[in-house]
Amino acid sequence: MTTELTRQEAKANTEKEALEIAALIPKDKVTSIVQKETGVLLSCSKTEHNWNGSTSITLAEGSEAESVVKELETAARTHFTDHRFEVSSDRTIQGTFRVEISDPATSEMYLIREDDPRVIRIASGSPCFTMPEGTYPVGDF
């Protein structure tokens, strides 16, 4: 489903939502939250794209990433009660626990998992949108 967002709005909204998700982690377990300044565009269809970026959360000494991701899953299920987002979890092929927060109506999604022993990564993807004609969707956005 294409939304009436511009690329800039899609990026800004997705980054804002990723920070809202990161804020669900108790402050005493976080030492820093860093969003990558740029992301990439991926194709949703022949005429549509979505913006994809990432946010890294460095955990405080003594915090275990998998436990924090599991706590975040519980918090997300409570936080996103408007039924816009679905929250699910599984394990990657490497056995890493991960949580997916997604909106099936727009394909917007956030994958949260341990990136390093004390780092959690939120990989985010915006809803699909139509690029302005003549825009080449390659490079950093």
Side-chain angles (χ1 to χ4, degrees), residues 1-61 63-141:
M1 175 178 164
T2 303
T3 62
E4 298 299 320
L5 292 173
T6 66
R7 174 184 52 82
Q8 295 86 348
E9 290 169 332
K11 177 183 178 186
N13 292 346
T14 303
E15 288 176 321
K16 179 182 173 195
E17 195 70 54
L19 290 175
E20 186 176 323
I21 291 167
L24 296 174
I25 299 171
K27 291 184 187 331
D28 65 331
K29 294 185 179 187
V30 175
T31 59
S32 69
I33 299 173
V34 177
Q35 282 189 316
K36 192 172 176 192
E37 288 186 29
T38 59
V40 297
L41 298 180
L42 297 179
S43 179
C44 294
S45 71
K46 188 173 181 170
T47 59
E48 302 167 326
H49 292 81
N50 71 345
W51 180 86
N52 290 260
S54 67
T55 303
S56 294
I57 302 121
T58 302
L59 300 175
E61 191 71 39
S63 296
E64 199 270 323
E66 183 170 316
S67 296
V68 173
V69 173
K70 287 180 177 180
E71 290 173 28
L72 187 135
E73 176 189 16
T74 301
R77 290 182 188 282
T78 303
H79 181 76
F80 295 112
T81 57
D82 62 3
H83 302 289
R84 176 177 152 219
F85 286 114
E86 294 179 357
V87 179
S88 62
S89 62
D90 64 2
R91 290 201 176 266
T92 66
I93 197 162
Q94 296 84 13
T96 305
F97 183 78
R98 70 177 168 193
V99 174
E100 179 177 330
I101 301 171
S102 60
D103 180 348
T106 67
S107 299
E108 180 179 2
M109 68 86 198
Y110 303 87
L111 285 174
I112 303 112
R113 66 173 179 79
E114 176 182 346
D115 200 29
D116 285 319
R118 284 193 24 241
V119 178
I120 293 172
R121 180 171 180 257
I122 302 173
S124 52
S126 76
C128 297
F129 55 88
T130 302
M131 292 286 287
E133 197 167 319
T135 303
Y136 193 61
V138 174
D140 291 334
F141 289 90

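Keep in mind that the numbers below use all heavy atoms, side chains included, and drop hydrogens, waters and symmetry copies. Computed from a predicted structure; not experimentally measured. Counting from 1, the numbers follow the sequence of the chain as shown.
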Practice prompt. Measure the CG-OG1 distance between N52 and T38 for me, rounded to the nearest 0.5 Å.
Written response: 12.0 Å
Fill in: Non-hydrogen side-chain atoms of V87 and E73 separated by less than 4.5 Å
yes
Worksheet entry | Atom pair CZ/OG1 of R91 and T96 - distance to nearest 0.5 Å | 8.0 Å
Discussion item. Any non-hydrogen side-chain atom of F129 less than 4.5 Å from a side-chain atom of R7?
Written reply: yes
Item to complete: State, with a plain yes or no, whether a side-chain heavy atom of N50 is found less than 4.5 Å away from one of S107.
Response: no
Worksheet item: Can you check whether H49 reaches S43 side chain to side chain, under 4.5 Å on heavy atoms?
Response: yes
Worksheet item: Can you tell me if Q94 and T92 form a side-chain donor-acceptor pair at under 3.5 Å?
Response: yes
When the side chains of residues 10-27 are checked against the rest of the protein, which donor-acceptor pairs come out under 3.5 Å, sequence neighbours left out?
from : atom 1 : to  : atom 2 : distance (Å)
K11  : NZ     : E37 : O      : 2.8
N13  : ND2    : E9  : O      : 3.3
T14  : OG1    : A10 : O      : 2.7
E20  : OE2    : H79 : NE2    : 2.6

Response to the item:
Looking only at heavy atoms, the pair that brings R77 and S89 closest together is NH2-N, 4.4 Å
Worksheet item: Which heavy atom of T31 sits nearest a heavy atom of A60, and at what distance?
Response: CG2-CA, 3.5 Å
Worksheet item: What distance separates S126 OG from Y110 OH, expressed to the nearest 0.5 Å?
Response: 8.0 Å
Worksheet item: Is the shortest side-chain N to carboxylate O distance from K70 to E64 below 4.0 Å?
Response: no
Discussion item. Could you tell me if T55 and Q35 have a donor-acceptor pair between their side chains, going purely by distance under 3.5 Å?
Written reply: yes
Show me the side-chain donor-acceptor pairs of residues 116-125 shorter than 3.5 Å, one per line, residues at least two apart or across chains.
from : atom 1 : to  : atom 2 : distance (Å)
R118 : NE     : L59 : O      : 3.0
R118 : NH1    : E61 : OE1    : 3.4
R118 : NH2    : L59 : O      : 2.9
S124 : OG     : G53 : O      : 3.2

Discussion item. Do E108 and F85 have side chains that approach each other closer than 4.5 Å (heavy atoms only, starting at C-beta)?
Written reply: yes
